[in-house]
Visitor: 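One structure, pasted below without further comment.
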There are 2 protein chains.
Amino acid sequence: MDSGVKKPGVTSSRVAEHAGVSQSAVSRTFTPGASISPKTRQKVLASAKELGYRPNAIARSLITSRSRIIAVVMAYLENLFYPDVLEELGRALAAENYHLLLFTGFMDRDSDPVFDQLMQYRVDGIILASTSLSSELSEECAAAGIPVVLFNRTTERDAVSSVTTRNREGGKRIADFLVAGGHTSFGYIAGLENSSTNRDRYEGYVEGLAANGYTNLVVETGNYSRKEAEAAARVMLSRPDRPEAIFVANDHMAVAVMDVARYELGLNIPEELSIVGFDDVGPARWTSYGITTMSQPLKRMVESTVDILMDQIASGEIEAEHRILSGELIVRTSARLPQSGIVERDGQRIYRPREA
Amino acid sequence: MDSGVKKPGVTSSRVAEHAGVSQSAVSRTFTPGASISPKTRQKVLASAKELGYRPNAIARSLITSRSRIIAVVMAYLENLFYPDVLEELGRALAAENYHLLLFTGFMDRDSDPVFDQLMQYRVDGIILASTSLSSELSEECAAAGIPVVLFNRTTERDAVSSVTTRNREGGKRIADFLVAGGHTSFGYIAGLENSSTNRDRYEGYVEGLAANGYTNLVVETGNYSRKEAEAAARVMLSRPDRPEAIFVANDHMAVAVMDVARYELGLNIPEELSIVGFDDVGPARWTSYGITTMSQPLKRMVESTVDILMDQIASGEIEAEHRILSGELIVRTSARLPQSGIVERDGQRIYRPREA
DNA sequence: CTGAAAGCGCTTACAG
DNA sequence: CTGAAAGCGCTTACAG
């Protein structure tokens, strides 16, 4: 394969020689909090600068058993929610002086294929977004002292932490909102069937509808994919008893559903059809869509994720922690409005039936 | 900071002991092509499996001087073009058994702040997407034997390779297309002024218009940002002499421009205003937008990028290589059609005046 | 094919 | 505060 030549690169020993000090002194200069006199430090810094020295993080990792690398496994980047998450994660990890090793692919199955790779790099922690891990591997991480956090998914498994929003309550609130909007027939376009987010949103929605006396729910599956959501919308909207209101399990699919409804079936939104989504992702805010949607507080979700990781890395205690944050039902133009319950917060219209 | 405890983890020596062979034998078992008898290999593999051994990539990197890590510096993930690139890069690098260390942020300035970090990890190569590097740092990479590839940008600098499409020709073709479509007044909504892509697209557009006898170009700047593109569109479209056709420097901005045109100014597209974009990114294909746009062959761009990197890593020769690929003008519904020149290829309509 | 040994570039007790 | 030394977990000549 690669028979390439590598340039040597300057080492701490070379710097030590140049500065007339020991190699230990050079190391201490670059170790925050290490015991070193200002004078020695200055000499070392000067030599380091002159020679263009940079500590070798690989060598440091080897001896400290800390790579300062967090593996992020993420698929499904076509859903803008995840690029946003990634960008925020990059920022948050950089602030903690950690680095982000990215593994893409593998949305619908467990992330086992990449697992071997990431373990070889002795990552200090693992973030799984829109994907999960088999239980054996989760156990292995716990045994190896490597914290794992599921982002926007959750699990019963002992060793794995998670950060989510109140998906169930979200589904329920959407049901309340649609019922208050005067709709009497309902549809659901589902995400991946084995994902906890889809399950929770669905269950909350069903529960909310039932509490209002509605059990006539029509369901099709979009598997969180644009293409499949389009197909699901075609089927659902071609029914003679087409529902008046549809909750689409995320905004990424809701955009597709709206396009199909408007341009293939000529439906006016929201006059003839109400659409509600989930996530509050970029396109939901674009005027063409204006999707009424349950928001997920992305920044706080990322903060929590990094928090959990840093805690467990510092303590060495791997025990599952589940953080559940709250979003809001952001009201825009894709669904008919209820008579009351809409309040304004920070320039956004949100649905809060209790407060109004 | 972190006083955490790390579990020991099983090493090649432990496996050697367990299998009753030397540590070298264990190492050879996990080094493709190394000299090892099938019998020894089997013993080692059995022990490794039993103990849950995985070679330590960090230790390997230290001794081979190859981290098998490629740094990717990428900002501007809100433009779906880049998440798509990232996903494809992940795949392509994984196929070569390389890993992807991601640095986000820093769209509009050079990526110097992250440079130190990435050099400390002794990455084997650097990919810069939607960002660039100062010339001193480029030189430093070359001196250290680390190849650098600019993705979707180019530069005159000696040491840095690049992968782009024919932006200039793209701008020119768009001009021809709009003139052929019968427009007589033209606008340009610019990207970042210091980016080579923006400069080349602009110059090609101006040149193409001039060749057709038009010099009355109106220009506003969107800096590749959605917000600024909206503002630019408002200004341009409120002019009494509003142009009939606008080339927006990328699709990400074109979407914003279309929303402003339709919903704030009530313009019909393409009857009253033609819009052409660049990239052929996801939303360009959504029915709500249907943007006529110059495509960029993302997969081939990624392949070329990884190609250049692998070549230079293998040879140890860092010399700038510039690959320039071709896209097509994909014709959709956001711009008025010329009488002729539109052909069908692979189910897509493209503009190729020569062939028609 | 195999093992003993050197060494990659660091950190960190240890002794002074 | 400082230096000599051990050692992190590997790869790879070297000699057999």
Side-chain angles (χ1 to χ4, degrees), chain A residues 1-44 48 51-68 119-122 124 144, chain B residues 1-45 48 51-68 119-124 144:
Chain A
M1 301 215 310
D2 38 8
S3 57
V5 198
K6 257 279 191 178
K7 302 295 184 309
V10 12
T11 68
S12 57
S13 302
R14 275 255 299 268
V15 176
E17 202 178 347
H18 185 275
V21 298
S22 72
Q23 182 268 330
S24 318
V26 177
S27 175
R28 289 190 182 105
T29 299
F30 291 94
T31 305
S35 162
I36 185 100
S37 75
K39 214 172 106 194
T40 310
R41 204 181 130 77
Q42 286 317 316
K43 272 198 293 187
V44 171
L51 301 177
Y53 171 72
R54 250 182 278 266
N56 183 327
I58 300 277
R60 171 179 290 165
S61 296
L62 185 57
I63 202 150
T64 58
S65 299
R66 305 229 97 95
S67 59
R68 299 201 82 86
M119 290 301 272
Q120 292 193 12
Y121 275 92
R122 302 301 193 259
D124 290 342
Chain B
M1 303 219 306
D2 40 7
S3 58
V5 199
K6 256 281 190 173
K7 302 294 184 309
V10 12
T11 68
S12 58
S13 302
R14 274 255 300 268
V15 175
E17 203 178 346
H18 185 275
V21 299
S22 71
Q23 183 269 329
S24 318
V26 177
S27 174
R28 290 192 182 105
T29 298
F30 290 93
T31 305
S35 162
I36 186 99
S37 75
K39 215 172 105 192
T40 310
R41 202 181 131 78
Q42 285 317 316
K43 273 198 292 189
V44 171
L45 252 20
L51 301 177
Y53 171 70
R54 250 182 279 267
N56 184 326
I58 300 278
R60 172 178 290 165
S61 297
L62 184 57
I63 201 150
T64 59
S65 299
R66 306 229 94 96
S67 59
R68 298 201 82 86
M119 290 300 273
Q120 291 193 11
Y121 275 92
R122 302 302 194 258
V123 298
D124 291 342

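Per chain, numbering begins at 1; letters A, B, ... match sequence-line order.
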Visitor: Rounded to the nearest angstrom, tell me the gap between atom CZ in A:Arg28 and atom P in C:dA13.
Guide: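 Answer to the nearest Å: 10 Å.
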Visitor: Nearest whole angstrom, please: distance from the C1' of D:dC8 to the CZ of B:Arg14.
Guide: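 After rounding, the reported distance stands at 15 Å.
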Visitor: Would you mind classifying the nucleic acid contact of A:Phe30 as base, sugar-phosphate or nothing, using non-hydrogen atoms under 4.0 angstrom?
Guide: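 Answer is nothing: A:Phe30 stays at 4.0 Å or more from every strand.
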Visitor: If only side-chain N and O atoms count, and only distance matters, is there a donor-acceptor pair under 3.5 Å linking A:Ser24 with A:Ser27?
Guide: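 The criterion, which ignores hydrogens and geometry beyond distance, is not satisfied for A:Ser24 and A:Ser27.
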Visitor: Expressed in angstrom and rounded to an integer, what is the separation of B:Arg66 atom CZ from D:dC10 atom P?
Guide: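 The distance from CZ of B:Arg66 to P of D:dC10 comes to 20 Å, rounded to the nearest Å.
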Visitor: Does A:Val44 reach the side chain of A:Val21, with side-chain heavy atoms less than 4.5 Å apart?
Guide: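 A:Val44 reaches A:Val21 side chain to side chain.
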Visitor: Quick one: are A:Thr40 and A:Ser37 in side-chain contact, heavy atoms under 4.5 Å?
Guide: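 Yes, their side chains come closer than 4.5 Å.
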Visitor: Would you say A:Ser35 places a side-chain N or O within less than 4.0 Å of OP1 or OP2 belonging to D:dC1?
Guide: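 Looking at the OP1 and OP2 atoms of D:dC1, one of them is under 4.0 Å from a side-chain N or O of A:Ser35.
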Visitor: Looking at side-chain heavy atoms only, is the closest gap between B:Phe30 and B:Arg41 below 4.5 Å?
Guide: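 They are not in side-chain contact.
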Visitor: Tell me the partner of D:dA13, counting only Watson-Crick (N1-N3 plus N6-O4 or O6-N4) or G-U wobble (N1-O2 and O6-N3) with both under 3.5 Å; none if nothing fits.
Guide: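 Pairing partner, where one exists within any strand: none, as none qualifies.
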Visitor: Find the distance B:Ile58:CD1 to D:dG9:C1' and express it as a whole number of Å.
Guide: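 Distance check: B:Ile58 CD1 to D:dG9 C1' gives 11 Å.
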Visitor: From the set D:dC1, C:dC10, D:dT11, return the single nucleotide nearest to any side-chain atom of A:Ala59.
Guide: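 Minimum distance to the A:Ala59 side chain belongs to C:dC10.
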Visitor: With no hydrogens and no angle check, just 3.5 Å: does a side-chain donor-acceptor pair link B:Gln23 and B:Ser13?
Guide: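 There is no such pair (donor and acceptor under 3.5 Å, judged by atom type) between the side chains of B:Gln23 and B:Ser13.
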Visitor: May I ask you to evaluate whether A:Ser12 reaches the phosphate of C:dC10, defined as a side-chain N or O under 4.0 Å from OP1 or OP2?
Guide: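 A:Ser12 to C:dC10 OP1/OP2: side-chain N or O found under 4.0 Å.
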Visitor: Answer yes or no: does atom CD of B:Gln120 have more than 12 heavy-atom neighbours from other residues, nucleotides or ligands under 6.0 Å?
Guide: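 Yes - once you tally the heavy atoms of other residues, nucleotides and ligands closer than 6.0 Å, there are more than 12.
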Visitor: Just the rounded figure in Å: distance from C1' of D:dT12 to CD of B:Gln23.
Guide: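 In whole Å, D:dT12 C1' lies 11 Å from B:Gln23 CD.
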Visitor: Taking only side-chain N and O atoms of A:Thr31, does any of them lie within less than 4.0 angstrom of OP1 or OP2 on C:dT12?
Guide: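 For C:dT12, OP1/OP2 do not have a side-chain N/O of A:Thr31 under 4.0 Å.
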Visitor: B:Asn56 CG to D:dC8 P: how many Å, rounded?
Guide: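 From B:Asn56 CG to D:dC8 P: 12 Å.
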Visitor: Does OP1 or OP2 of D:dG9 have a side-chain N or O of A:Tyr121 closer than 4.0 Å?
Guide: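 No.
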Visitor: Below the 4.0 Å mark, does C:dG3 have OP1 or OP2 next to a side-chain nitrogen or oxygen of B:Ser22?
Guide: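 So the side chain of B:Ser22 is within the cut-off, an N or O lying under 4.0 Å from OP1 or OP2 of C:dG3.
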Visitor: Nearest nucleotide by nearest heavy atom, which residue falls closer to the 5' end of DNA chain D, B:Ser24 or B:Leu62?
Guide: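 Its nearest nucleotide being more 5', the pick is B:Leu62.
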Visitor: Once you apply the 3.5 Å cut-off to both distances, tell me the Watson-Crick or G-U wobble partner of C:dA4, or none.
Guide: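 Paired with no nucleotide.
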Visitor: Measure from NZ on A:Lys43 to C1' on D:dT2 and round the result to the nearest Å.
Guide: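 Atom NZ in A:Lys43 sits about 11 Å away from atom C1' in D:dT2.
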Visitor: Taking OP1 and OP2 of D:dG9, is either one under 4.0 Å from a side-chain nitrogen or oxygen of B:Thr11?
Guide: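 Indeed not, no polar side-chain atom of B:Thr11 lies that close.
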Visitor: Considering heavy-atom distances to DNA chain C, does A:Ser27 or B:Lys39 have its closest nucleotide positioned more toward the 5' end?
Guide: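 Of the two residues, B:Lys39 wins.
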Visitor: Between C:dG9 atom C1' and B:Arg60 atom CZ, what is the distance in whole Å?
Guide: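 Nearest whole value for this atom pair: 18 Å.
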Visitor: Base, sugar-phosphate, or nothing: which does B:Thr40 touch, judged by heavy atoms less than 4.0 Å apart?
Guide: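 Answer is sugar-phosphate: B:Thr40 comes under 4.0 Å of backbone atoms only.
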